[in-house]
Amino acid sequence: EYEGDRNSEGQRHGFGKALLPNGDTYEGEYECGLRNGPGTYRFKNGALYTGNYLQNKKHGKGVFFYPDGSKYAGDWVDDQRQGYGEYLYANGDTYTGEWANNKRHGQGTYVYKETGSKYVGCWVNGIQDGPAELIHQNYRFKGRFLSGKPVGRGKFIFDIGCEQHGEYIQPVQEKEEEEEEEPPLPLEPIWKASEITKLTPWPATCEE
């Protein structure tokens with residue numbers, strides 16, 4: 001069903017409202033039969049998109065409300081989250097930063113609601129990867145991440161006024177001969193401290 005403007009060829013053109021065969025609805029601008037310009041698309045499953053379209057695809061600025069209560073507000077390219085945007089997850093976590101192909105990609109900040117901790121740094125295809133800072137309530141870690149885990153040299157900076165330098169080492173997996181059914185879980189990297197120093201920019205001293 002369609003109710004709205006048409007051009008001389010009879011195509012949907014201008015402002016209109018449509019009920020699609022699958023139960024979804026669209027209200028907004030059309031150009032030569034395609035959704036083009038600002039509009040609001042309501043999905044039968046409860047999801048909702050309100051924003052810009054280009055030739056039937058989400059393109060430009062838009063907000064998408066997902067059925068699980070999560071929400072994305074930001075840039076879209078060719079129906080995908082791409083550019084800069086903010087995502088509020090169903091568990092209350094948030095990500096603000098760069099996107100590519102629907103994934104967190106580039107520079108961005110992820111805030112964990114449960115702990116209040118923050119990851120500020122690089123992402124590659126949705127995974128923490130590259131130089132970053134992990135900020136906790138009274139200390140933070142500055143270093144590099146690879147595949148979501150800290151790797152190599154870095155430092156912990158404590159609010160009491162000192163830094164602990166060191167590196168994350170990947171433990172070697174011990175092979176078990178008998179059971180080869182399941183692939184072993186990757187081991188957590190181990191922190192090896194090398195020295196503790198005073199915070200350079202701060203006048204505070206560190207006793208121990």
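No experiment lies behind these values; they were computed from the predicted model shown.
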For K57, give me all partners under salt bridge (charged side-chain N to carboxylate O under 4.0 Å, His left out), at least two apart in sequence or on another chain.
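Salt bridge (charged side-chain N to carboxylate O under 4.0 Å, His left out) list for K57, sorted by chain: D78.
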Can you confirm whether S194 sits close enough to R153 that some side-chain heavy atom of one is under 4.5 Å from a side-chain heavy atom of the other?
yes
Please name all residues satisfying side chain to side chain donor-acceptor pair (under 3.5 Å) with [X], sequence neighbours left out, ordered by chain then number.
X	value
Q128	Y112
D5	none
Q11	N7
N102	none

Under the ring-ring contact (aromatic ring centres under 6.0 Å, His included) test, residues paired with F15 that sit two or more places apart:
none
If the condition is ring-ring contact (aromatic ring centres under 6.0 Å, His included), which residues does H136 pass it with, not counting sequence neighbours?
Y139
Shortest non-hydrogen contact from L146 to V151?
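Looking at all heavy atoms of both residues, the closest pair is CB-CG1, 3.7 Å.
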Which heavy atom of A132 sits nearest to which heavy atom of F145, and what is that distance?
CB-CD1, 3.9 Å
Using 30° and 60° as the class boundaries, would you call the ring planes of Y72 and W99 parallel, tilted or perpendicular?
perpendicular
Keeping the roles fixed (side chain from T109, backbone from V120), state whether a donor-acceptor pair exists under 3.5 Å.
no
So which residues get pulled into V77's cluster when ILVMFWY side chains under 4.5 Å apart are joined, directly or through others?
none
Hydrophobic side-chain clustering at under 4.5 Å (ILVMFWY, transitive links): who's grouped with F65? Put none if nobody.
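Via sub-4.5 Å side-chain contacts, F65 links to L48, V63.
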Under the side chain to side chain donor-acceptor pair (under 3.5 Å) rule, what pairs show up with a residue in residues 80-95, not counting sequence neighbours?
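Sorted pair list: Y66-R81, S70-Y87, Y89-R104, N91-D93, D93-Y110.
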Side chain to side chain donor-acceptor pair (under 3.5 Å) contacts touching residues 42-55 (sequence neighbours left out):
T40-T50
Just jot down the side-chain contact (heavy atoms from CB on, under 4.5 Å) partners of R12, sequence neighbours excluded, or say none.
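Counting only residues at least two positions away or on another chain, R12 forms a side-chain contact (heavy atoms from CB on, under 4.5 Å) with Y2, R6, A18, Y30.
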Is it the case that atom CD in E195 sees more than 12 heavy atoms from other parts of the structure closer than 6.0 Å?
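Result for CD/E195: enclosed.
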Run the ring-centre check on F141 versus Y168 and record whether the distance is less than 6.0 Å.
yes
Please answer: with hydrophobic residues joined when any side-chain heavy atoms are less than 4.5 Å apart, are Y41 and L19 in the same cluster?
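Different hydrophobic clusters.
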If you measure from the Lys or Arg side-chain nitrogens to the Asp or Glu carboxylate oxygens, is any gap between R140 and E133 under 4.0 Å?
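Salt bridge flag = yes for E133 with R140.
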Run the salt-bridge test on R35 and E29 with the 4.0 Å N-O cut-off and return the result as yes or no.
no
